[in-house]
Novice: 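Have a look at this one before I ask anything.
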Amino acid sequence: MENETIKISQILVSLPLVHPFQTSFGIQDKKYAIIIKIEDSEGNVGWGETVADPFPGYAYETMDTTWIIQEKYLIPSFLERFQEGLPSIQDILDGFKHVRGHNFAKAGLESAYWSFLASKQGKSLGNLYGASKDKIPTGVSIGIQPSMEALLSRIGKFLERGYQRIKIKIKPGWDHDVVARIRKEFGDIKLMVDANSAYTLSEKHLEIFKKMDRYDLMMIEQPLAYDDMLDHKILQSKIETPICLDESIHSIRHAEQAIEFDCARIINVKPARVGGYYNAKVIAEKLGKDKVWLGGMLEMGIGRMHNIFVQAKEEFTIPGDTSGSDRYFQEDIIDPPVKVDDKGFISVPEGTNLGVSVREDFILSNAIKYQEY
Ligand code: OSB
Ligand code: MG
């Protein structure tokens with residue numbers, strides 16, 4: 001096979017969030033992403049999005065580390081794979097194996113390559129991810145609010161718009177009373193909480209978990225340390241509410257082991273955190289429905305579309321965190337933006353590749369840093 005020549009662009013973009021997002025680890029009013037564009041001389045184009053936080057609060061990777069790891073290690077190894085023709089996704093991932101960790105950086109490039117392959121084959125990205133559904137059920141993740149009233153009004157607004165499930169962020173002091181109040185106000189809505197590692201196995205915290213057991217929560221997400229499995233197993237043995245792991249899961253192996261050893265009953269699959277869409281796809285296929293749902297990282301439109309296509313796989317029946325574009329941004333980087341219908345579904349677009357157009361001028365007008373390879 002002939003040598004394939006491709007060009008890669010890395011574009012660091014920033015967009016203001018319409019509503020600040022507060023978790024137990026911090027508050028954020030701007031979203032950053034490193035958009036990856038892969039193009040060849042025949043006009044095929046792949047788009048990917050690298051999750052890139054300004055601060056290492058959720059994970060150790062940031063917009064600075066992902067940029068450098070891609071620039072120094074991943075992009076050179078990626079380009080090298082084209083010397084003997086068109087590589088497979090597996091070839092690309094093999095080429096990343098010499099870099100330990102840095103899954104966000106890997107996933108950004110890998111996702112762009114899936115989209116490039118979809119473009120080259122004239123297929124929908126969903127087709128490549130093994131998707132079969134034409135719409136996906138969805139929910140919303142609501143940050144810690146300045147007051148109970150603000151939270152209740154925000155929840156009411158999303159329920160009115162049809163969102164199927166509400167997830168609220170919790171931290172010590174903002175937990176069971178808040179949950180009790182939501183139940184009182186909104187009855188038996190689909191409700192869950194995400195602690196982002198704000199608790200321990202202390203007596204005081206165990207009591208909080210026992211109290212929360214009374215409220216029929218769908219799950220409690222990542223209550224304990226961000227790098228822990230075993231304490232979660234201990235906690236799961238003491239409470240009824242299913243534990244869901246987010247921060248602790250970085251690979252297919254972690255996901256399987258967490259379920260096998262009952263450290264968690266459900267996994268929040270975030271493609272960036274598990275090293276890309278190939279791994280996310282395999283985790284869903286191996287664990288099956290009831291054990292997986294798709295989380296989010298406040299993605300801009302490109303990452304959001306990838307997340308929608310992977311959730312169109314049959315295993316994703318639990319509503320995820322993929323909300324409409326307007327929940328995050330005044331203007332999104334894709335056209336049309338993502339919309340949630342009044343029953344809480346997002347329809348999966350037809351057409352090739354991402355099924356929407358990418359607003360390249362808008363991306364460039366919000367770019368902070370740009371580099372081509
Ligand atoms: O813990 O799931 C999380 C956003 C940023 C970092 C971590 C998390 C989140 C969310 C929001 O919960 C999910 C989304 O709306 O994309
Ligand atoms: Mg989480």
Side-chain angles (χ1 to χ4, degrees), residues 15 17-33 49-63 66 103-104 107 136 138-145 154-155 158 161 163-171 191-199 217-228 232 242-250 255 258 264 266-274 280 292-308 310-311 318-329 332 337-338 340 344 346:
L15 290 181
L17 288 167
V18 292
H19 200 93
F21 191 68
Q22 187 177 351
T23 60
S24 60
F25 60 78
I27 185 159
Q28 167 174 17
D29 60 4
K30 269 201 209 107
K31 173 67 192 155
Y32 296 85
E49 181 173 327
T50 313
V51 170
D53 285 336
F55 177 81
Y58 167 79
Y60 65 84
E61 292 185 85
T62 66
M63 59 197 207
T66 48
N103 281 351
F104 295 0
I136 60 158
T138 200
V140 60
S141 169
I142 302 180
I144 292 164
Q145 301 298 311
R154 213 158 152 69
I155 293 174
F158 285 109
R161 292 195 192 158
Y163 281 87
Q164 297 188 24
R165 181 229 60 183
I166 301 291
K167 161 169 140 184
I168 61 155
K169 296 287 186 178
I170 56 165
K171 64 175 184 183
L191 181 64
M192 57 179 283
V193 296
D194 185 357
N196 288 110
S197 298
Y199 297 84
L217 296 172
M218 295 167 76
M219 65 194 89
I220 170 164
E221 184 174 334
Q222 196 76 32
L224 308 177
Y226 68 89
D227 56 355
D228 170 78
H232 283 95
I243 290 178
C244 166
L245 283 177
D246 173 356
E247 280 90 330
S248 296
I249 306 298
H250 300 271
I266 306 173
I267 305 297
N268 171 338
V269 180
K270 280 186 194 170
R273 201 197 59 234
V274 298
V292 293
W293 59 277
L294 208 101
M297 289 296 287
L298 315 176
E299 282 88 349
M300 296 181 192
I302 292 173
R304 190 162 304 281
M305 290 315 300
H306 279 272
N307 287 349
I308 290 168
V310 76
Q311 277 173 99
I318 301 171
D321 278 350
T322 309
S323 307
S325 295
D326 63 354
R327 177 253 176 278
Y328 309 90
F329 311 109
D332 205 341
V338 173
V340 175
I346 293 173

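Start at 1 and go down the list; that is how both ligands and their atoms are numbered.
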Novice: Quick check against the 3.5 Å criterion: does N103 have a side-chain atom that pairs as donor or acceptor with the backbone of H250?
Specialist: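 Judged by distance alone, yes, a pair lies under 3.5 Å.
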
Novice: Considering heavy atoms of the protein only, find what lies nearest to atom 15 (O) of ligand 1 and give residue, atom and distance to 0.1 Å.
Specialist: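 Among all protein heavy atoms, the one nearest atom 15 (O) of ligand 1 is Y328 OH, 2.7 Å.
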
Novice: Going by heavy atoms in the side chains, are D332 and M300 under 4.5 Å from each other?
Specialist: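 They are in side-chain contact.
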
Novice: At what distance is the nearest protein heavy atom to atom 4 (C) of ligand 1, and which residue and atom is it?
Specialist: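 Answer for atom 4 (C) of ligand 1: F21 CE2, 3.5 Å.
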
Novice: At what distance is the nearest protein heavy atom to atom 8 (C) of ligand 1, and which residue and atom is it?
Specialist: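 Here the closest protein heavy atom is K270 NZ, 3.3 Å.
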
Novice: Name the one of K270, E299, R165 that satisfies side-chain contact (heavy atoms from CB on, under 4.5 Å) with D321?
Specialist: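 Considering K270, E299, R165, a side-chain contact (heavy atoms from CB on, under 4.5 Å) with D321 is found only for R165.
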
Novice: Need the ligand 1 atom indices (1-based, order shown) with element for anything under 4.0 Å from a heavy-atom of N196.
Specialist: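 Answer, ordered by atom number: 1 (O), 3 (C).
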
Novice: Once you restrict to heavy atoms under 4.0 Å, what part of Q222 touches ligand 1? Side chain, backbone, both or neither.
Specialist: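 The answer is neither.
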
Novice: I'd like to know if the side chain of R327 and the backbone of S141 have a donor-acceptor N/O pair within less than 3.5 Å.
Specialist: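 The answer is yes, because a donor-acceptor pair under 3.5 Å joins these two groups.
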
Novice: Using a heavy-atom cut-off of under 4.0 Å, does the side chain or the backbone of D246 touch ligand 1, or both, or neither?
Specialist: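 Contact part for D246 vs ligand 1: side chain (C-beta onward).
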
Novice: What residue and heavy atom of the protein are closest to atom 6 (C) of ligand 1, and at what distance?
Specialist: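 Result: M297 SD, 3.6 Å.
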
Novice: Would you check the N or O atoms of K169, main chain and side chain alike, for any that come under 3.5 Å of an N or O of ligand 1?
Specialist: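 Yes, there is a polar N/O contact under 3.5 Å.
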
Novice: Can you tell me which residue and heavy atom of the protein come closest to atom 13 (C) of ligand 1, and the distance to 0.1 Å?
Specialist: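 Its nearest protein heavy-atom neighbour is G296 O, 3.4 Å.
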
Novice: Please find the N/O/S atom of D246 nearest to the Mg ion (ligand 2) and write down its name.
Specialist: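 The D246 atom nearest to the Mg ion (ligand 2), restricting to N, O or S, is OD2.
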
Novice: Examine E221 and say whether one of its N/O/S atoms is closer to the Mg ion (ligand 2) than 2.8 Å.
Specialist: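 Checking the Mg ion (ligand 2) against E221, an N, O or S atom does fall under 2.8 Å.
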
Novice: Do the side chains of I302 and H306 get nearer than 4.5 Å, heavy atoms only?
Specialist: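 A side-chain contact exists here, since the closest heavy-atom pair is under 4.5 Å.
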
Novice: Does ligand 1 have a heavy atom under 4.0 Å from the side chain of D194, from its backbone, from both, or from neither?
Specialist: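 Just the side chain.
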
Novice: Counting from 1, what ligand 1 atoms have a heavy atom of K167 closer than 4.0 Å?
Specialist: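 Near K167, the atoms of ligand 1 are 2 (O), 12 (O).
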
Novice: Taking a cutoff of less than 4.0 Å between a non-hydrogen atom of the residue and any ligand atom, is Q28 in contact with ligand 1?
Specialist: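 It does not, in that no heavy atom of Q28 comes within the 4.0 Å cut-off of ligand 1.
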
Novice: Please say whether the positively charged group of R304, taken as NZ for Lys or CZ for Arg, lies over the ring of Y328, i.e. under 6.0 angstrom from the six-membered ring centre and within 45 degrees of the axis.
Specialist: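 R304 over Y328 ring: yes.
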
Novice: Any idea which heavy atoms bring A258 and I267 closest together, and the distance?
Specialist: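 Nearest pair, atom of A258 first, then I267: CB-CD1, 4.1 Å.
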
Novice: As a test of understanding, state which of L294, T138, V269 forms a side-chain contact (heavy atoms from CB on, under 4.5 Å) with N307.
Specialist: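 Among the candidates, only L294 passes.
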
Novice: Before accepting this row, confirm whether a basic side-chain N of the pair R273/D246 lies closer than 4.0 Å to the acidic partner's carboxylate O.
Specialist: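 Salt bridge: yes.
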
Novice: Among the N/O/S atoms of D194, which is closest to the Mg ion (ligand 2)? Give the atom name.
Specialist: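 Relative to the Mg ion (ligand 2), the closest nitrogen, oxygen or sulfur of D194 carries the name OD2.
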
Novice: For ligand 1 and L298, I'd like to know whether there is a polar contact (N/O to N/O, distance under 3.5 Å).
Specialist: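 Yes - when backbone and side-chain N and O of L298 are compared with those of ligand 1, one distance drops under 3.5 Å.
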
Novice: Surrounding CZ of F21 (heavy atoms of other residues, nucleotides or ligands, distance under 6.0 Å), is the total greater than 12?
Specialist: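 Atom CZ in F21 is crowded, with more than 12 foreign heavy atoms closer than 6.0 Å.
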
Novice: Flag S141 as yes when one of its N or O atoms lies below 3.5 Å from any N or O atom of ligand 1, and as no otherwise.
Specialist: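 It does: an N or O of S141 is found under 3.5 Å from an N or O of ligand 1.
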
Novice: Where the side chain of S24 meets the backbone of K171, is there a donor-acceptor pair that is under 3.5 Å apart?
Specialist: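 Absent.
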
